[in-house]
There are 2 protein chains.
Amino acid sequence: MNFQQLRYIVEVDRNGLNVSEAAETLFTSQPGVSKQIRALEEELGVAIFVRHGKRIVDVTEPGREMLNIARRVLADADNLHRVGEEFRNEGQGRLSIATTHTQARYKLPKVIAEFTRRYPKVRLELHQGSPSQVCDMVLSGDADLVIATEAISDYPDLVMLPCYQWNRGVVAPSDHPILKARPLSLEEIARWPIITYDSAFTGRGQMNKAFLGRGLKPNVVLTAIDSDVIKTYVRMGLGIGIVASMAFDPLMDKGLGMNDAGHLFESSTTRIGIRRNVWLRGYIYAFVELFAPALNRHVVEAARAGGGTDPGL
Amino acid sequence: MNFQQLRYIVEVDRNGLNVSEAAETLFTSQPGVSKQIRALEEELGVAIFVRHGKRIVDVTEPGREMLNIARRVLADADNLHRVGEEFRNEGQGRLSIATTHTQARYKLPKVIAEFTRRYPKVRLELHQGSPSQVCDMVLSGDADLVIATEAISDYPDLVMLPCYQWNRGVVAPSDHPILKARPLSLEEIARWPIITYDSAFTGRGQMNKAFLGRGLKPNVVLTAIDSDVIKTYVRMGLGIGIVASMAFDPLMDKGLGMNDAGHLFESSTTRIGIRRNVWLRGYIYAFVELFAPALNRHVVEAARAGGGTDPGL
DNA sequence: GATAGTTACGGTAGTCGTAACTATC
DNA sequence: GATAGTTACGACTACCGTAACTATC
C-alpha cells in the first residue's frame, strides 16, 4: 500500500468513477491507475469498486469506509508538508480568507490591521463571494478560512465556529420620517420601499421570517450584494435600506441616518469556518483569535476534533 | 514520502531516538532507516530530529507535530486493513477484552453469552489484569477493549466511555452482627477487621476518602485482587469484606450475607476504553452496546472524535 | 575504543508509460 | 463502433542490503 494508490481511489471516486478521467487529473496513464487500484484491492482483500465487467459502476460498502480513511490519510500527508512550511519560514506565508462583502468591508479592517502588524511577512489574500461560494473556496483549498453569516451547515468537512452576533438597522436619508420612529416597528418598515441584501446572502431568512410572522409583505424594490451598494441607492431616494448595523458609520455616511432594528429581527451569527482535517499554521490560529478572542487555539482544536461527526461513517 | 518513512521516524522516536534499534525492530538495515529519514526531512524541508553531529539527541518542535501526524497516518493504514478483514469475513474474527476480575466474573458473563449467540464465529479472548495493565493491553493493540473502573484518565490515546455506576456492600458470615446494622455506618464498619480490594484496584480511592472524611482509620487486615478471594477469607472469619455489590449472589454465596453500603461511599463508574484512532469492526460496536446499551455506534464514534484533545498539539 | 550514524555501491523490485487487446454501451 | 478498462512489455527509478568509512561518547 502506498499513498499513490490511495490518491488513485480517491480521485476515481471524485471523478464519477471514471478511471480515465482520474488518470488525466493525476497526470498519469490510465493503465497505471487501473493496475494500482487492483493491487490495492488485492492487498486489502476486498473490492473497493463495483464493476460491471470492466466498467466501474459503484463503490462497495467497504470501499466507502476505505475512501473515508484514504481521504484522511491524504489530508495528513498534506499536513506534514504544511508543518514543514510552517517551521521552515516561521511567520512567513499566506493567509487566504474567503468572506462576504460586509465582513470584508466593515469587520475585517481592524482585525487585518492588527494581524499585519503582528505578522508582517504573511501575505494576505481576501476573496469575496456569496456564502456558498466562499465555503467552496475553503473546501477546495483555495482559501484557508471562510467568514460568513448564512453559515451553510451541511458541509461535513467544514467546521463552523460562532464568532459574534449582529442585527440589522434601517438606513434612510437623514430627513426620512422612519428615522424618528420610536419604537421602530415592522409595520412602519413595511410601509416603505425596501432595499436590502440579495437573498443568497446574509440573513435574508431572518428578515422574511419576521415579516411573515406579522402577516406583512415587505415591498423589496431592490436587492444588492453589499451594504455600500444598498446605501448608494438609499441616498438616491429609491427606498429605505435594511443593512447590518455595523455597516453604518455616522461619520462616513453623511446624509444618511440609521434606526436600529435589532428588536425586530432574530439576530444573525457570523461564523468562521475551517476545513476539518487540515493542519493550520500558527498565524491562522492567531488570526482567528484576533477576529473572535474567545476562539483561542485550544477551543478551535477541540471544535475541530469534536462536533458534527457524520452519521454516515 | 511513503509509509515506510513515517514508520521509520515513529519507530526511532519509540526506541529512544536510536536508529539502530529501530532498524532492528523493523527488521531492516540501519543505513536504510537513516537514509529514508534524511530523505523525508529533505522533502519536508525541516529537521525532525535534533542531532549532535551524527547522534540523534532530541525531537525538534516540528518533529513532534509530524510524529503525531505520522502516527495517525500509520493507524489509518492499519485501519484500511481492518476494514478489509471486516468485510472479507463478516461476522468472523477476534474480540479481545482486557478487564479486571470483578467485571469478568460478575458483569461480563451475561453480556458474553448474548454476544456469542449473535456472533458465533467471533473468537473471544478475555485478558485479566490490574487497571493499568489492562489499559496497556489495549494501547499496545493486544486487546480491543478495556473494561475497568479505576479509569486511568491520562492516556490521551484511550477514549474512556462511562458505562454504569456501582457501589459497595459489606459481606460477612450470615450470623455476623454487622449484617443487622440499619442504617449501616462507617463507624460500625471501622469497628471490624476489613478485607477488601488491593489498592491498585477498583475504587480503593473512594473508600479511603469516605473513612478519612469521618476521621476514621479502617482496620484493613487483608487486601486481595478479586472479590472471590475476599469472600473466601470472609467465610473463614478473618473479617468483614467490602466488595462491589454485584459480587454478592445470595444464592451462590451460602453462609454469607451482604449489607449494602451504597450510601457510605462515593459510587464508582465502570468505563469501557478503546484506542482513539483505531477503526473498529462492526461486532465490537455491537459488544459495547450490549454491555452498555446507551453506547450505540453513533455515540461511541462521537466520543472518539471529540473530547480529550491533547493541548500539546 | 566502542557505539552510533553516514556514505558508497550494486542488485532487485516495483512503478510508469506505450502499445495492443478486450469488453461494455 | 465508440468509449472505457485490462493485459503485456520494456525502461527507469528508487529502495534495500552489504561494506567501508566517520564521528561521538
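Each chain gets a letter, A, B and so on, in the order its sequence line appears, and its residues count up from 1. Reckoned from all heavy atoms, side chains included, excluding hydrogens, waters and symmetry mates.
- Between B:Asp13 and B:Val10, every side-chain heavy-atom pair lies at or beyond the 4.5 Å cut-off.
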Check against side chain to side chain donor-acceptor pair (under 3.5 Å), B:Trp279 and B:Glu86: CA-CA 10 Å; B:Trp279 190 86; B:Glu86 162 83 2; over 6 Å; no
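- Atom CD in B:Gln30 sits roughly 12 Å away from atom P in D:dT18 (whole-Å rounding).
- In this structure, the CZ atom of A:Arg55 is 13 Å from the P atom of C:dA23, given to the nearest Å.
- Between A:Lys54 atom NZ and C:dT24 atom P there is a gap of 8 Å when expressed in whole angstrom units.
- Spacing between atom CZ of B:Arg38 and atom C1' of C:dA4 amounts to 13 Å, rounded to whole angstrom units.
- Side-chain N/O atoms of A:Tyr8 include none lying less than 4.0 angstrom from OP1 or OP2 on D:dG5.
- Each of A:Val57 and A:Gly32 has a nearest nucleotide on DNA chain C; the 5'-most of these lies closest to A:Gly32.
- Taking atom CD on A:Glu24 and atom P on C:dC16, their separation rounds to 17 Å, with Å as the unit.
- Taking only side-chain nitrogens and oxygens, A:Ser29 never comes nearer than 4.0 Å to OP1 or OP2 of C:dT18.
- For A:Asn18, a side-chain nitrogen or oxygen approaches OP1 or OP2 of D:dG5 to under 4.0 Å.
- Annotation: side chain of B:Arg82 is in contact with side chain of B:Val278 (closest heavy-atom distance under 4.5 Å).
- Looking at A:Lys35, its side chain has no donor and acceptor atom pair within 3.5 Å of the base of D:dT7.
- Within the 4.5 Å cutoff, no side-chain heavy atoms of A:Leu95 are placed close to those of A:Tyr119.
- The phosphate of C:dT3 has neither OP1 nor OP2 within less than 4.0 Å of any side-chain N or O from B:Ser20.
- DNA chain D forms stems at C:1-25 with D:1-25, each a run of 3 or more consecutive Watson-Crick or G-U wobble pairs whose two key distances fall under 3.5 Å.
- Atom CD1 of A:Ile56 and atom P of C:dC25 are 13 Å apart (whole Å).
- DNA chain C is contacted by both B:Glu21 and A:Pro31; B:Glu21 maps to the nucleotide lying nearer its 5′ end (nearest heavy atom per residue).
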Going through the distances and angles, do B:Val288 and B:Leu145 end up as a side-chain contact (heavy atoms from CB on, under 4.5 Å)? CA-CA 9 Å; B:Val288 171; B:Leu145 298 175; 4.0 Å; yes
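- In this structure, of D:dC25, C:dG17, C:dC16, it is C:dC16 that holds the atom nearest to the side chain of A:Gln4.
- With rounding to the nearest 0.5 angstrom, the CG atom of B:Leu126 is 5.5 Å from the CD1 atom of B:Ile97.
- Counting heavy atoms from C-beta outward, B:Met66 and B:Val46 have side chains that approach closer than 4.5 Å.
- In this structure, CD1 of B:Ile37 is placed 13 Å from C1' of C:dA4, rounded to the nearest angstrom.
- Put simply, CD on B:Gln36 is 11 Å from P on D:dG17, counting in whole angstrom units.
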